[in-house]
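We name chains A, B, ... by the order of the sequence lines, and we start the count at 1 in each one.
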There are 2 protein chains.
Amino acid sequence: MQRMTRQRTALADLLEVTPDFRSAQQLHQLLKDAGQNVGLATVYRTVQAMAEAGDVDVLRIEDGEALYRRCARGHHHHLVCRECGKTVELAGEAVERWASRIAQEHDFVDVDHTAELVGICRDCAARIYGGGARA
Amino acid sequence: MQRMTRQRTALADLLEVTPDFRSAQQLHQLLKDAGQNVGLATVYRTVQAMAEAGDVDVLRIEDGEALYRRCARGHHHHLVCRECGKTVELAGEAVERWASRIAQEHDFVDVDHTAELVGICRDCAARIYGGGARA
DNA sequence: GCATTGTTGAGAATGATTGTCATGCCGTCC
DNA sequence: GGACGGCATGACAATCATTCTCAACAATGC
Ligand SMILES: [Zn+2]
Ligand SMILES: [Zn+2]
Ligand SMILES: [Zn+2]
Ligand SMILES: [Zn+2]
């Protein structure tokens, strides 16, 4: 059974108020900054357990580093701003249908899929490309 | 300008006859097995240059390791067998439309997307789940 | 041939993630 | 409240893919 320890509570609370994807290293540092010292190994273990339990989502960035985020339960995808990290959860059925259709067409079974969108949100676009461009 | 060296030729030739995604480490070993000694750093550099040039595709597996594969030029996605590595290139428009629709709906620009399917191909399914099941 | 300059490779360095294991603390049962 | 069994923790070592360094090399152009 999962014991409720100071460390797990602290990490769960932190994730609850963290809107963007963060790495285990970042979470460890954020906890330290908040005066909650939690061992790095514990952060890794806990965040992975939460991922397996479906309580957090995992996202791999370009260099392979894993980022974690508290998310709604259930299968969904993400739209992430590559500048500020703002994240939108996507629950549409379009990708699900595409995946299962492709799986059938090619005689594959047990097909999982990943689908993530990375772009620049309106606010960051205004800041980067010049605030005057937008009406 | 890109010079044509023994190492680059060997790696390009190897990729040309390798149908599945392979890691840099694997490619390095395969070259060694074939009697073509190529430094590991060179394999990494070359395979990354090829990826930037669009000559090979990169796929990140669950633990973050990068796999490379000679692919048709142009944007596409993949359906990969998690048992044998068999890979099918997917060129459909369904995902592209989904991605651009979502981007518009949420006011994001410069949106890239990744979408990969991983399952078990017919042959592996027959071998694993019992060969008698299929008619 | 020869100079120029991009390329190579052995080994060190980096950095995220995982393993180790003695100690600690949660939940439970008196 | 207090003892106990066992999962949880954390400082540290270990792993391992990837990147860096830099002297020695080798395409390419003349
Ligand atoms: Zn999510
Ligand atoms: Zn989906
Ligand atoms: Zn491809
Ligand atoms: Zn696409």
* To do: Round to a whole Å and report the spacing from CG of B/Asp63 to C1' of D/dT15.
  => 12 Å
* In terms of side-chain heavy atoms of A/Glu65, which of C/dA16, D/dT18, C/dG9 is nearest? -> C/dA16
* To do: Considering just the side-chain nitrogens and oxygens of B/Tyr44, establish if one lies under 4.0 Å of OP1 or OP2 belonging to D/dT19.
  => no
* Please state how far atom CZ in A/Arg8 lies from atom P in C/dG24, giving the value in whole angstrom units. => 18 Å
* Asked: In whole Å, what is the span from the CG atom of B/Asn37 to the C1' atom of D/dC25?
  -> 16 Å
* Asked: So does A/Gln2 get a side-chain nitrogen or oxygen closer than 4.0 Å to the phosphate oxygens (OP1/OP2) of C/dC26?
  -> no
* Tell me which nucleotide among C/dA16, C/dC25, D/dT9 gets nearest to the side chain of A/Arg3. => C/dC25
* To do: Using a heavy-atom cut-off of under 4.0 Å over every strand shown, decide if A/Arg6 touches base, sugar-phosphate, or nothing.
  => sugar-phosphate
* Candidates C/dG9, D/dG10, C/dG24 - which lies nearest the side chain of A/Gln7 -> D/dG10
* To do: Would you tell me if any nitrogen or oxygen in the side chain of B/Thr5 comes within less than 4.0 Å of OP1 or OP2 on D/dA26?
  => no
* So, A/Thr18 side chain and A/Glu16 main chain: donor-acceptor pair closer than 3.5 Å or not? -> no
* To do: Would you indicate whether the side-chain heavy atoms of A/His78 and A/Cys71 approach each other to under 4.5 Å?
  => yes
* **Rounded interatomic separation in angstrom, taking CD from B/Gln36 and C1' from C/dT8** => 14 Å
* Asked: How many Å lie between CD on A/Glu62 and C1' on C/dA16, as a whole number?
  -> 17 Å
* Quick one: label A/Arg45 by what it contacts on the DNA or RNA (base, sugar-phosphate, nothing), any heavy atom closer than 4.0 Å. => base
* To do: Write down the distance between CG (A/Leu40) and C1' (C/dT20), rounded to a whole number of angstrom.
  => 15 Å
* Distance only, no hydrogens: is a donor on one side chain within 3.5 Å (strictly under) of an acceptor on the other, for A/Tyr68 and A/Asp55? -> no
* To do: Kindly say whether A/Glu62 contributes a backbone atom to a donor-acceptor pair with the side chain of B/Arg60 at under 3.5 angstrom?
  => yes
* When the distance from NE2 of B/His28 to C1' of C/dT8 is rounded to whole Å, what number comes out? -> 12 Å
* Asked: Counting side-chain heavy atoms from CB outward, which of C/dT17, D/dG5, C/dG9 is closest to A/Gln48?
  -> C/dT17
* **Sidechain-backbone polar pair: A/His77 side chain, A/Ala115 backbone, donor-acceptor under 3.5 Å** => yes
* Asked: With sugar-phosphate meaning primed atoms plus P, OP1 and OP2, does B/Gln25 contact a base, only sugar-phosphate, or nothing at under 4.0 Å between heavy atoms?
  -> base
* To do: Identify, between B/Ala24 and A/Ala41, the residue whose nearest nucleotide on DNA chain D lies closer to the 5' end.
  => A/Ala41
* Asked: Between C/dG15 atom C1' and A/Arg60 atom CZ, what is the distance in whole Å?
  -> 14 Å
